[in-house]
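Each chain gets a letter, A, B and so on, in the order its sequence line appears, and its residues count up from 1.
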Amino acid sequence: MTRNTIKLHNSLTRQKEDFIPIDANHVKLYACGPTVYNYAHIGNARMAVVFDAWVRVLRHRYPKVTYVSNITDVDDKIMKAADETGVPISEITEKYTCIYNEDMATLNVNAPDIQPKATEHIGEMIALIETLITKDFAYEAEGHVLFNVPNNPAYGALSGRSRDEQIAGARVEVAPYKRDAADFVLWKPSTPDQVGWDSPFGFGRPGWHIECSAMAEKHLGLPFDIHGGGADLKFPHHENEIAQSCCANNKADDPAGFSRVWLHNGFVTVEGEKMSKSLGNFLTVHDAIKDHKGEVIRLTLLSAHYRQPLDWSEQALHQSEVLLDKLYKKLESMSELNANDAVVPDPILSALYDDLNTPLVIAELNKLVKQENSAALKSQLLSVGNLLGILQEDPANWFASDEDGVSDEDVKKIELLIAERMEAKDNKDFARSDKIRDELLAMGIEIKDTRDGTQWEKV
RNA sequence: GGCGCGGUGGCAGAGUGGUCAUGCAGGGGACUGCAACUCCCCGUACAGCGGUUCGAUUCCGCUCCGUGCCUCCA
């Protein structure tokens, strides 16, 4: 295939295929964002980083890309959090939306073009539900509105599950008002003291799945090119989105009538197990960025292929940190050179266009950094960095943080000691120079002698 | 039970029907007063068993192991 073709693994066809946009002048994608009732963990961050990288690659290839990623700000979990803390729902959702966006910015994740909130799209959801009722794909029962799965024979295309299989394996009790065990909620009733909206089906709130169907359609139109999210959303969430949107738009027999391509990222694991709140083995981004730079976390999240599981470990972080230091050091040594036109080296672009093969890109980056300094190399590194969302910082700034936590007073003292040591070295008084080095080490300062003089950093 | 995904050198992690991934860690060397930094060199990996093939880590089958979804979940 030509280097102009982006290949991607489509979960809907379970194959790697050439990406052919509906409109090459305007690519549209949607990815399910977080439910905001708590700090985002590394797993949430992986989704954001992966799709941010996809958007960067798509933008490199296509003139216009619209990326929509939602905020789910009405949900039973949020209501529970509000009950438990006594804090109003809106306060909780605003707080954690804000924290989420700040955390993602720290990871160099560009804000989506549109970040719709579920609570601002209730009207669209109600309209969608009414359409589904009219077309006999949904029905009202005891204040609920339910999607009738048996009326949609194409149901199960994404997850590869027939309705029967799903029932057989179901571990949940079937609510008595459901006509079919597989039916799922579009609207559920709220009590007067709960959050809710008036609707033709009574006072209530939307089900989770209908939110994304409504927001994706409103902001992108149907069908659009790519729908993404974590692998755990494939069933039931994405399956249900397809059912709702296709059935409401006369595409009941065409699962691709909603989104042409489905992309799913793998999980972050801890010691081989999925990172999740129920297992209690999760690490929040908020905490992670206390110990590691955002860019280090970002590169670590890109160090495995996006569909593979990624085991979170200090060793993985260390590896990313070492590489970034190496790259920034290289850039620093080329600070006098002017970067010219950005050209991404072929092997790297090919890797990126081949289903976002970021581990291969990292390998190529390791080779690239060994080349001799040149304006061309500098621009290559910077343009690759831009595609990956790294290396955009001023190198001096990157290394400056190594001095964090050292007071100005200490800096003076350190520099004085280093000068003294140089003097001792010049006089071949090595006993004294070693003593000074030990003294610095005792202060937590490590030194190294380079051609350009002695450098130090906090250990 | 149903539907998936994966098992690559100490670790992480790509990839391929027959020459190299790459990195981290480790070993050796150069440099250094000694270190650190930097640079150079090194390690004969593809779960097991069958099959296809001139040839399989790569294709097919089976077995074993791990893990995910089927319930809220990125």
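In this structure, B/G6 forms a base pair with B/C65, meeting either the Watson-Crick or the G-U wobble geometry with both donor-acceptor distances under 3.5 Å. Here B/G23 sits opposite B/C11 as a Watson-Crick or G-U wobble pair (both hydrogen-bonding atom distances under 3.5 Å). In this entry B/G1 has B/C70 as its Watson-Crick or G-U wobble partner, both defining distances falling under 3.5 Å. Under the Watson-Crick and G-U wobble criteria, each requiring two contacts below 3.5 Å, nucleotide B/G55 is left unpaired. For B/U38, the paired nucleotide is B/A30, the pair qualifying as Watson-Crick or G-U wobble because both relevant distances are below 3.5 Å.
Here, B/A21 and B/C72 have their P atoms 46 Å apart, quoted to the whole Å. Rounded to the nearest Å, the gap between the P atom of B/U52 and that of B/U44 is 32 Å. Atom name C1', nucleotides B/G50 and B/U67: the rounded distance is 26 Å, in whole Å. Comparing the same atom, P, in B/G17 and in B/C59 gives a spacing of 8 Å after rounding to whole Å. Annotation: B/C60 and B/U16 have their P atoms spaced 14 Å apart (nearest Å). B/G7 and B/A14 are spaced 9 Å apart, taking the P atom of each and rounding to whole Å. Comparing the C1' positions of B/G13 and B/G6 gives a spacing of 13 Å, expressed to the nearest Å. Using C1' as the reference atom, B/G66 and B/C37 are 41 Å apart when rounded to the nearest Å.
Minimum atom distance to the side chain of A/His41 is reached by B/A74, of the listed B/C37, B/A74, B/G33. Listed nucleotides: B/C70, B/U22, B/A36. Nearest to the side chain of A/Ala363: B/U22. Picking from B/C11, B/G33, B/C69 the nucleotide with the shortest atom distance to the side chain of A/Gln315 gives B/C11. The side chain of A/Glu446 approaches B/A36 more closely than any other nucleotide in the set B/A14, B/G68, B/A36. The A/Arg421 side chain lies nearest to B/G33 when the options are B/A14, B/G33, B/A74. Taking every side-chain heavy atom of A/Asn44 into account, B/A74 is the closest of B/A74, B/C34, B/C24.
Across all strands, A/Val268 comes closer than 4.0 Å to base atoms (heavy-atom distances). If you check every strand for non-hydrogen atoms under 4.0 Å, A/Thr269 touches nothing. Here A/Ala316 lies out of heavy-atom contact (under 4.0 Å) with every strand. At the heavy-atom level, A/His305 lies under 4.0 Å from the strands shown only through sugar-phosphate atoms. Counting any heavy atom pair closer than 4.0 Å across all strands shown, A/Gly272 reaches sugar-phosphate atoms only and no base atom. Residue contacts shown for A/Gly266 include a base, since a base heavy atom lies under 4.0 Å away. Contact annotation for A/Asp434: base contact, defined as any heavy-atom pair under 4.0 Å involving a base atom.
One can place CG of A/Leu299 at 18 Å from P of B/U22, the figure rounded to the nearest angstrom. Atom CD1 in A/Ile348 sits roughly 15 Å away from atom P in B/U22 (whole-Å rounding). One atom, CH2 of A/Trp312, and another, C1' of B/A74, lie 14 Å apart when rounded to the nearest Å. In this structure, A/Leu310 atom CG and B/G6 atom C1' are separated by 14 Å, rounded to whole Å. Here B/C39 presents its P atom at 8 Å from NZ of A/Lys370, a figure rounded to the nearest Å. Residue A/Phe267 contributes atom CZ, which lies 10 Å from atom C1' of B/U67 at whole-angstrom precision. Regarding A/Asn240, its CG atom lies at a distance of 17 Å from the P atom of B/C69, rounded to whole Å. Atom-to-atom, CD of A/Gln308 to P of B/G15 comes out at 8 Å; the value is rounded to the nearest Å.
Listed pair A/Asn366 / B/U22 fails the phosphate criterion, with no side-chain N or O lying under 4.0 Å from OP1 or OP2. The side chain of A/Lys277 places no N or O atom within less than 4.0 Å of a non-bridging phosphate oxygen (OP1 or OP2) of B/A74. Listed pair A/Lys326 / B/C39 fails the phosphate criterion, with no side-chain N or O lying under 4.0 Å from OP1 or OP2.
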- Evaluate the criterion side-chain contact (heavy atoms from CB on, under 4.5 Å) for residue pair A/Tyr30 and A/Tyr67; output intermediate values, then yes/no. CA-CA 6 Å; A/Tyr30 183 96; A/Tyr67 173 41; over 6 Å; no
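Taking 3.5 Å as the limit, the base of B/C69 and the side chain of A/Lys234 contain no donor-acceptor pair of atoms between them. A donor-acceptor contact under 3.5 angstrom links the side-chain atoms of A/Arg437 to the base of B/A35. Taking 3.5 Å as the limit, the base of B/A35 and the side chain of A/Asp449 contain a donor-acceptor pair of atoms between them. Side-chain N/O atoms of A/Asn357 and base N/O atoms of B/G15 include no donor-acceptor pair closer than 3.5 Å.
Looking only at side-chain heavy atoms (C-beta outward), A/Arg260 and A/Lys28 stay at 4.5 Å or farther from each other.
In this structure, A/Lys277 forms a cation-pi arrangement with A/Tyr37, its terminal cationic atom sitting closer than 6.0 Å to the ring centre and no more than 45° off the ring axis. For A/Lys274 and A/Phe267, the positive end sits near the middle of the six-membered ring, less than 6.0 Å away and at most 45° from its axis.
Every side-chain hydrogen bond (donor to acceptor under 3.5 Å, both in side chains) that A/Glu420 has, sequence neighbours left out, goes to A/Arg432.
Donor-acceptor pairing under 3.5 Å is recorded for the side chains of A/Asn148 and A/Asn151.
Taking every heavy atom of both residues into account, A/Ile42 and A/Met275 meet most closely at CB-SD, 3.9 Å.
Between the side chain of A/Asn10 and the main chain of A/Gln15, no donor-acceptor pair closer than 3.5 Å is present.
Around atom NZ of A/Lys80, no more than 12 heavy atoms belonging to other residues, nucleotides or ligands sit under 6.0 Å away.
Toward the 5′ end of RNA chain B lies the nearest nucleotide of A/Ser159, the other residue of the pair A/Ser159 and A/Lys367 mapping further downstream. Checking A/Lys428 against A/Tyr306, the closest nucleotide of RNA chain B that is more toward the 5' end is the one next to A/Tyr306.
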